[in-house]
Amino acid sequence: MAKTKPSIPKGTRDFGPEQMVRRNYIFDTVRTVFSKYGYSPIETPAMENLSTLLGKYGDEGDKLLFKILNSGDFIDKVEPSLLKPGKSNAVSLAICEKGLRYDLTVPFARFVVQYQNEITFPFKRYQIQPVWRADRPQKGRYREFYQCDVDVIGSNSLLNEAELVLIINEVFEKLNVHTLLKVNNRKILNGIAEVIGHADKLIDITVAIDKIEKIGIDAVNAELRERGIENAAVQKLQPIIQLQGSNNQKLATLRNVLQGSPIGLKGIDEMEELFRYIEAWGTLSAQVELDLSLARGLNYYTGAIFEVKALDIEMGSICGGGRYDDLTGIFGLPNVSGVGVSFGADRIYDVMLQLNLFPESLTSTTQVMFVNFGPAEVAYCMLAARKLRDAGISVEIYPDATKVKKQFEYANKRNIRFMVIAGETEIQNRQFSVKNMVTGNQVSIPYDSIEEHIKLNL
RNA sequence: GUGGAUGUAGCUCAGCUGGUUAGAGCACCAGAUUGUGGAUCUGGGGGUCGUGGGUUCAAGUCCCAUCUUCCACCCCA
């Protein structure tokens, strides 16, 4: 049999110890913040029934679902007429009833409907789990990645949106990532489309507007016409495309343009209320900006939408979300509104790595290591090691009595701060020699003062 | 899904218009130092040049396919 190099699927990654320490630092940070705001953890299975997943993310999203092949001789059940080239999609639906989850929001909606009688509303939950997308991998784009979701469902209050803004602010403040938080509202976008008489072309309009920074106003207008929007409507869009000023100024301009659209005006009311709340939080480290070009592809958003971009670096959005008024309706529980955001742990990791934002202290897990000179010497150390561990200090005893040089190299590579040496001399004097690997200083201390000494110098 | 680049030691890369035994730095291992790392010196191991096919007297180098990674579009965390 030919030897093949072991490998993992495209777009997936292994994580080594030093990566995991850093990833956990991100997970711990978001988890701490989430629970501080009163959110409780849940988990759902990696796979869901395809019927749960399909149709929730748009055509594009459906294509990116990983499907799981049925067990057994499923081919028998397939309509023979389907089994020909070009019918792959229909066949796949006939032979797959499960799929890997695409995000955490839809499974959450399914969860809420399923356990509606056991849940106390408003239900605030967080969920940190991997999701899968059959996308083509790219920078910051993986086929398996972790989302950290916070959602509150069963409350229409815009205070929830405001609180999510504060959560976003706090998470990135703690992680030291400078961010721009873009905010928009689907109702405003609907209003815009309505006002120019193209309620059906919402996506075309936002996609085009989105490119203004990249390709300029003329190209955007050209693209709009190309997408079937007549010149008069394009003219009507101009004040919106070129919207300038503070968030409140933008809203004032929009209010003017959207006079004829009740839904658009509702969106403006919502945004104004949200911005009032945000101001009431006081100073935030994240910049918050109303950005009309923010549309977000996910079909189910109906109100506020959010997206966070890291400043100082080129990377897709590192956090995104919004309000969905009727996601649970599809599963049979209508009129329950929810709002939430999702932090992209892997992209945050990439940003932090490139900007060197991980704390130095994350490089080491063990603080103290006992040198191993042999069974008798190790026995002399064991009680002391246990005492240090009981004191919450992470301690290793080197397992083999190899060359001391080798043991020191091991400790050095692992960034272990203190080496405790107990050989013949130390045992005779009932002492330890403690070497600080950072300064290189080595001192002899009495056997019983080891804990005190380490604590004092840590 | 469309278009474009890339792949040589564990890592970063060199290798000319095809031509002997494919190199360097870092990393690794051993020794100088039989109880002391991070510095220095000496020596050493490690490659079917992503994979498979083709052209050729001869392929790391040219051609085709395939996979990987990356970039743009689309979309998104």
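In what follows, every chain begins at residue 1, and chains take the letters A, B, ... in the order their sequences are listed. Values reported hereafter were calculated over all heavy atoms of this structure, with side chains retained and with hydrogens, waters and symmetry mates removed.
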> Using a heavy-atom cut-off of under 4.0 Å over every strand shown, decide if A:G374 touches base, sugar-phosphate, or nothing.
nothing
> Write down the protein N/O and nucleotide N/O pairs, taken from nucleotides 30-32 of chain B, whose separation is under 3.5 Å; answer none if there are no such pairs.
from, atom 1, to, atom 2, distance (Å)
B:rG31, OP1, A:K403, NZ, 2.7
B:rG31, OP2, A:K403, NZ, 3.2

> Does B:rC28 have OP1 or OP2 sitting under 4.0 Å from an N or O in the side chain of A:K413?
yes
> So A:V420, base contact, sugar-phosphate only, or nothing? Heavy-atom distance under 4.0 Å.
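Since no nucleic acid heavy atom lies under 4.0 Å of A:V420, the category is nothing.
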> A:Q442 near the nucleic acid: base, sugar-phosphate alone, or nothing, with a heavy-atom cut-off under 4.0 Å?
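Touches a base.
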> Across the strands shown, which category fits A:Y142 at heavy-atom distances under 4.0 angstrom: base, sugar-phosphate, nothing?
base
> Mark yes or no: A:R13 above the aromatic ring of A:Y142, with NZ or CZ under 6.0 Å from the six-membered ring centre and no more than 45 degrees from the axis.
yes
> Side-chain donor or acceptor of A:R414 under 3.5 Å from a matching atom on the base of B:rG37?
no
> Does the base of B:rG37 carry an N or O that pairs as donor and acceptor with the side chain of A:N412 under 3.5 Å?
yes
> Could you tell me whether A:K10 contacts a base, only the sugar-phosphate backbone, or nothing, with contacts defined as non-hydrogen atoms closer than 4.0 Å?
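Result for A:K10 = sugar-phosphate.
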> For B:rG37 and A:Q407 - does any side-chain N or O of the residue sit under 4.0 Å from the phosphate oxygens OP1/OP2?
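Answer no for this pair, as no side-chain N or O of A:Q407 is under 4.0 Å from OP1 or OP2.
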> With a non-hydrogen cut-off below 4.0 angstrom, is A:G440 in contact with a base, only sugar-phosphate, or nothing?
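Touches a base.
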> For A:C148, which contact category applies under a 4.0 Å heavy-atom criterion: base, sugar-phosphate, or nothing?
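Counting heavy atoms under 4.0 Å across all strands, no contact is made by A:C148.
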> Within the 4.0 Å heavy-atom criterion, would you say A:I421 contacts the bases, only the backbone, or no part of the nucleic acid?
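The answer is base, as A:I421 lies within the cut-off (heavy atoms under 4.0 Å) of a base atom.
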> Kindly express the pairing pattern of RNA chain B in dot-bracket notation, using | wherever a base pairs with another strand and counting only Watson-Crick or G-U pairs under 3.5 Å.
(((((.(..((((.....[...)))).(((((.......))))).....(((((..]....)))))).)))))....
> Looking for any heavy atom pair under 4.0 Å, which part of the strands does A:G320 touch: base, sugar-phosphate only, or nothing?
sugar-phosphate
> Look at all strands and tell whether A:F343 reaches a base, only sugar-phosphate, or nothing, counting heavy atoms closer than 4.0 Å.
nothing
> What about A:R141, does its side chain sit under 3.5 Å from the base of B:rA77 through a donor-acceptor pair?
no
> Find out whether A:N436 and A:Q442 are in side-chain contact, i.e. whether some heavy atom of one side chain is under 4.5 Å from a heavy atom of the other.
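With C-beta onward as the side chain, the pair stays apart.
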> Hey, does the side chain of A:K139 come within less than 4.0 Å of B:rC71's phosphate (OP1/OP2), counting only N and O?
yes
> Name the nucleic acid region contacted by A:E426, choosing base, sugar-phosphate or nothing; use a 4.0 angstrom heavy-atom cut-off, strictly under.
base
> Roughly how far, to the nearest 0.5 Å, is the OG atom of A:S40 from the CD atom of A:Q127?
12.5 Å
> Can you say whether a donor on the side chain of A:R136 sits under 3.5 Å from an acceptor on the base of B:rU2, or the other way round?
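Yes, a donor-acceptor pair under 3.5 Å.
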